[in-house]
Amino acid sequence: MILAADGASLGFPILTAIVVLPVIAAVLVLFTPRRNPEYAQLLAGAATVGTAALTIWLLSSFETGEAGFQFVSKQTWIEPWGISWHLGVDGISLFLVALTAFIFPLVIIGIDPEREHKSYLAWMLLLEAGVLGTFLSLDLFMFFLFFEIIIVPMYFLVAGWGHEEREYAATKFFLYTMFGSAFMLVGVVATAVIARNSLGYLTFDLIEIAEGANFATSTGRWLFFAFAIAFAVKVPIVPVHTWLPLSHTQAGHRSVILAGVLLKLGSYGLVRFGIYLFPEAAFWDFTRYLFLTLAVIGIIYGAIAATMQPDLKMLVAYSSVAHMGFIILGTFAFTEQGLTGATLQNVNHGVSTGALFLLVGWMYERQHTRMIADFNGIQTVAPIFAAGFMIVMLSSIGVPGLNGFVGEFLILLGSWDTARWWTIVGATGVILAALYLLWAYQRTFHGVPDEKSKTFPELKVREAAVLLPFIAVIVFTGVYPKPLLDRINPSVDALLEHVEERTDLVRPEPEISQEQLERAQIELEEEHGEEELSTEEGSDEGEDE
Amino acid sequence: MLAQVDTFVGPEVNWFALSPLIALVAGALLMMLAGALTPRWPNGLYALACATTAGTAGALAMVQWDDITDNGPTTLVAGAVAFDTFSMFVTILICVSIILVAMLADDYLRGTPNDGPEIYALLLTAGAGGVVMASANDLIVLFLGLETLSLALYVLAASNRRSNRSGESGIKYFVLGGFASAFFLYGIALVYGATGTTNISEMVVALQNTVDLETPDGLALAGVALLLVGLGFKVAAVPFHIWTPDVYQGAPSPVTAFMASVAKAAAFAAMLRVLVIALPFYRDDWRPVIWVLALLSLLVGSVVAVVQTDVKRMLAYSSISHAGFLLVGVEAAGHTAGELDPGSGMSAVMLYLMLYSVMVIGSFAVVLVVQRHAGGDSSIEAFRGLSMRRPAIATAFTVFLLAQAGVPFTSGFIAKFGVIQAAVDVDSYAIAVIAMVSAVIAAFVYLRIMLTVWTGTPAENSEPIRVPLAVGVTIAGAAVFTLFAGIIPGWLIDATDTVTQYAR
C-alpha cells in the first residue's frame with residue numbers, strides 16, 4: 001500500500017470509473033427499445049467515448065518519471081479471504097489502458113454488427129470493462145476474475161456474430177483459454193496461501209505479495225509456470241497458438257479487438273504477474289531460454305505460415321503470432337531496452353494489427369471474400385484505401401518512421417546483450433515480415449483489376465474517420481516516441497531493479513542505458529540502418545561482463 | 001411391566017432447540033391431516049402452506065444460529081442430536097431449497113392427479129430427514145434421517161404416475177438406495193463393534209482413549225469402508241453414481257431439483273459428520289478413498305456429460321462432477337480433521353452446497369419450463385432458440401450455466417474458489433489441478449447448451465412458452481442470488497466460517 005501510494009491521485013476514483021462505466025452502460029443498453037437500435041448504439045458510443053475521455057484525463061494527469069502505481073484505489077472487498085478491490089496504473093499498463101479505451105469506441109462506431117445490436121453492444125461493453133479491469137488490477141483475485149470473465153463476452157461475440165465456422169471457433173477459444181486459466185487459478189490460490197507463511201496473513205494483494213513474500217526457489221518456479229501457461233495460451237506462444245488463426249478468421253470484425261487488445265493480456269500478464277511476482281523463476285535459465293526459444297520459433301514459424309496463407313485474414317493472424325514472438329523476446333531479454341520495447345510493441349502491435357484487421361474486414365464486407373487471389377489491382381480502383389492499407393502494413397513490417405520500428409528496434413537492441421543468437425535468428429523475422437506483407441500487398445493491390453475488383457468501393461467517410469486515428473498514432477509514435485518511452489521507462493526500470501534485488505541479474509549502469517535510449521532516439525529520427533547501432537551495442541557489451 | 005415404565009426416565013428435551021425440525025414434521029403432518037379432511041384447497045395454497053412451513057423452520061433455525069454463536073454448541077436429547085452451527089446452516093439451506101422447489105412444484109402439479117397435499121408433505125418429510133442427517137450426533141439417528149429422506153424421495157421420484165420413466169426412476173432409486181442403506185447400516189454395526197458405541201461424542205472419546213490406532217483394526221476399518229459406500233451412494237460419487245442419470249432424468253423436474261439440492265446437501269452433511277467429526281482418527285485411512293472418489297467423480301462426471309443429448313442427463317452428470325468438487329473439499333477437511341484448527345475444508349463444502357443448491361434449482365426450473373412446453377421432451381433440441389422466444393429465461397439460464405461452469409462474478413466461481421483454496425491450503429495440489437481441468441471439460445457441456453439456446457432458431461410452429469408466475473419468480477430470485485453472491489460473497493463466507501464450531 002505504501003509502496004503504491006506514491007504517485008498521482010486525483011481525489012476521484014478515476015480507475016474505478018474507467019472500469020465501471022462500460023458495465024453500467026452495458027446494463028442500460030439492455031433496456032433500450034429493440035426497435036430502435038440507434039439508441040443502443042448512441043448509448044454504447046457515448047459510454048466508450050466517455051471512457052476514452054477519462055483515459056485522456058488519466059494520461060494527462062499521469063506523473064511522468066514516477067515508477068510506482070498511480071491513482072491507486074483500494075477497498076476491502078471479500079474480507080475473510082483477504083481480497084480487496086485494488087486498482088492502479090503504472091508505465092507498463094498505462095498505454096495498454098489507453099489502447100483499449102481508444103480502440104473500443106472506434107470499433108463500436110466504425111463497425112455495424114448488422115443484427116441484434118443490443119446484445120452485441122452489451123457484450124462489447126462488458127468486454128471492454130473486462131479488459132480494462134485486467135490491465136488495472138493489482139490484486140491477484142481481481143486480476144483472475146477479469147482475466148477469466150473476458151472469455152464470456154468474447155465467446156458470445158464470436159459465436160453470435162462470426163463467420164461460417166464461428167461456433168467451432170468460439171468453443172475452441174473458450175476451452176483453450178479456460179484450460180490455461182485452470183492452472184492459473186490454482187496458482188493464484190497457492191501464491192496467496194504460500195505467501196501467508198512469510199507475510200503472516202492471507203492476502204491476494206499483488207504488491208504486498210511481490211514485495212513482502214519469499215517463495216522457496218522450487219515453489220516459485222512451479223507457481224510461475226502455473227501462471228505462465230495461462231498467459232502463453234493468451235499471447236499465444238507456439239505451440240499453444242492454434243486457437244488464434246481460427247478465432248481471428250471466424251470472429252468477423254471482433255478480430256480487431258482480439259488482436260488489438262486481448263493478446264496483450266498474455267504478454268502484460270507475463271510481465272506483471274510472471275516477472276514481478278516470481279523474479280527468480282522468470283530469470284531462471286530454463287525459463288528464460290525456454291521463452292526466448294519459443295519466442296523465436298514463433299517469429300519464424302508465424303512468418304513462414306503467414307507467407308503461405310491464401311487468406312488475408314489468416315495471413316494477418318499468423319503475422320500476429322510472429323509479432324507477439326518479438327514481444328516475448330524483448331520481455332525475456334531482461335534488459336531495459338528489451339522490456340521497454342516489448343511494452344511499447346504491445347501497444348504498437350495493437351494499433352497496427354488492429355488496423356490491418358479492420359481493413360481486411362472492410363475488404364471482406366465489400367467483396368465477401370478474404371482470398372488474396374480474389375483481389376486484383378485494387379490500387380487503381382481505390383487509391384485512398386490502398387494508401388491507408390500501405391501505411392498500416394508498413395508499420396506492421398517495422399519500417400523506420402512508423403511505430404513498429406521503434407518497438408522492434410528496441411527489442412532487438414535489448415536482447416542483443418543477453419540473448420545474442422536468439423536476436424540474430426529473430427531479426428530475420430523482420431525481413432520475413434516484409435516478404436509476406438509486401439507480397440500480399442502486391443498480389444492484392446497491384447496489377448490490373450479484373451471485373452469483380454473493378455467494383456471495389458473507395459474508402460467511406462465513416463471508415464476514414466475510424467482509420468485516421470490509427471494512422472495518426474502510427475506516425476506519431478514512429479516519429480516521436482519520447483512521450484511514451486518517458487512514461488514506460490521508469491516503471492520498467494523499477495521492475496528490473498526488483499528483479500535485480502532478487503536474482504543475480506546484472507544490469508549495465510542506468511546512465512548508459514539512458515544514453516543508449518537517447519541514442520536510439522536520434523538514430524531513429526535520422527532513420528539510420530540497424531547495423532550501425534548493433535555494432536555500437538557490441539562495444540557496450542564489455543561493461544556487462 | 002408398568003413398574004418398569006414408571007422407572008424409565010426420559011431424557012430432558014430442550015424443545016425449543018429442536019423447533020426447526022419440529023416445525024417441518026408438524027407442517028408435514030398437518031398438511032396431510034388437513035388435506036384429507038378438507039375439500040380441495042384453492043390453487044397455490046398447498047404450495048404456500050409448504051413454503052410457509054419451510055420458511056418458519058428456516059427462521060427458527062436462524063434464531064437458533066444466533067443462540068449457538070452466543071452460547072456455543074451443545075447436544076440435545078441425551079446426546080442424540082447435535083445443536084451446532086453446522087446443523088443449523090444445513091437446516092437453513094434445506095428450508096430455502098424446499099421453498100424454491102415448492103414454488104416450482106405448484107404449477108407443475110396443477111391438473112395432475114397429484115395436485116394435493118401429499119407431494120408437499122413428502123417434500124417437508126424429506127427435508128426433515130435431511131435435517132436429522134445433518135444434526136445427528138448418533139449413527140443410528142443419522143440412519144433414521146437417511147431413511148426418512150430416502151423413502152420420501154423414492155416416492156417423489158415415482159410420483160408422476162403418467163410417465164413410465166418416473167416409475168422406473170423410483171424403482172431404480174429404491175432398489176439401489178436400499179442396497180446402499182444396507183451397506184451403511186452394516187457399517188454402523190461394525191463401527192459399533194469396534195468402538196462399543198454408536199454415539200458420535202462417545203465414539204470420539206472411545207477412539208481417543210481405548211482403541212489402539214497403531215495396529216490397524218480390521219473391524220473398524222471395514223466399518224468405515226461400508227459407511228463410505230453408503231455415503232458415496234447418497235452423494236452420487238463415482239463409482240456409486242450409476243443411478244443418478246436415470247433417476248434425475250425420469251423424476252419430475254421439481255423433484256430432480258430437490259434431489260440435486262436437498263438430498264445432496266444432506267448427504268454431504270452426513271458425510272462430514274461421520275468422517276470428519278466422528279472418525280477423525282481414521283482420517284489417514286479414509287482420506288485416500290475420498291481422494292479417489294473425487295478424482296473419479298470429477299472426470300467421469302464431466303467427460304460423460306459431454307456425450308449426452310438430454311439436458312436433464314447432462315445436468316445429472318454435471319451434478320456428479322460437482323459432487324467431485326465437494327469431495328475435494330471433504331478431502332481437504334480430512335487433512336485437519338479432529339484438530340483444534342479445523343482448516344477451511346468444511347466451510348468450503350458448506351459454501352459450495354449453499355451456492356450450488358440455488359443455481360441447480362434455478363437450472364432445473366428452466367428445464368421444467370422448457371420441458372413442459374416441449375411436451376415432456378428435455379433433449380437439447382427442445383432448447384433450440386430459447387433466446388428468441390424467452391430472452392429473460394434464456395438470460396437467467398445462461399447465468400446458471402455460467403455459474404455451474406465456475407465463471408467469475410457468479411456464485412459458482414466463489415464456490416469453486418473456496419474449495420480450491422481449501423485444497424491448496426493443505427497442499428492437495430494434484431486434486432486441485434485435476435478439479436480445475438475437469439471444470440474446463442464440464443464447461444464444454446454448458447457451452448453446448450448455451451449455444452443451442454442462443455444461436456439456434458426455434459421451430460416454426462412454436463407457441464409462446466408459458467412461464468407461471470411462481471416459477472418465474474423462482475428463476476429470477478435464483479439468478480439474482482447467483483450474481484449477487486458472486487459479486488458480494490463476504491457475508492456468506494463469514495457465515496460458513498462459523499460452521500466449524502461443532503458439537504461433540
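Here is the naming used below: chain letters follow the sequence lines, and residue numbers restart at 1 for every chain.
Only the side chain of A:R196 has a heavy atom closer than 4.5 Å to any heavy atom of chain B. Neither the backbone nor the side chain of A:F147 comes within contact range of chain B; no heavy atom of the residue lies under 4.5 Å from a heavy atom of that chain. If you measure heavy-atom distances from B:I441 to chain A, you find no contacts under 4.5 Å at all. Looking at A:V189, both its backbone and its side chain come within 4.5 Å of chain B, counting heavy atoms on both sides. Looking at A:I151, neither its backbone nor its side chain comes within 4.5 Å of chain B, counting heavy atoms on both sides. With a 4.5 Å cut-off on non-hydrogen atoms, A:W222 does not touch chain B at all.
Classification of the A:F141-B:F413 ring pair by plane angle, with boundaries at 30° and 60°, yields tilted.
Separating the CG atom in A:L30 from the OG1 atom in B:T395 is a distance of 7.5 Å, to the nearest 0.5 Å. Rounding to the nearest 0.5 Å gives a distance of 9.5 Å between CG of A:L145 and OG1 of B:T410. A:E167 CD to B:R448 CZ: the interatomic distance, rounded to the nearest 0.5 Å, is 11.5 Å.
For the set B:D497, B:V437, B:D427, the count of heavy-atom pairs under 4.5 angstrom toward chain A peaks at B:V437. Considering only heavy-atom pairs separated by less than 4.5 Å from chain A, the leading option among B:I493, B:V440, B:L447, B:T398 is B:L447.
Between B:Q421 and A:L202 the shortest side-chain heavy-atom distance falls below 4.5 Å.
For B:F444 and A:F174, the ring centers sit 6.0 Å or farther from each other. Ring to ring, B:F417 and A:W81 are close: their centroids are under 6.0 angstrom apart.
Residues meeting the salt bridge (Lys or Arg N to Asp or Glu O under 4.0 Å) test with A:R272, sequence neighbours left out: A:D90.
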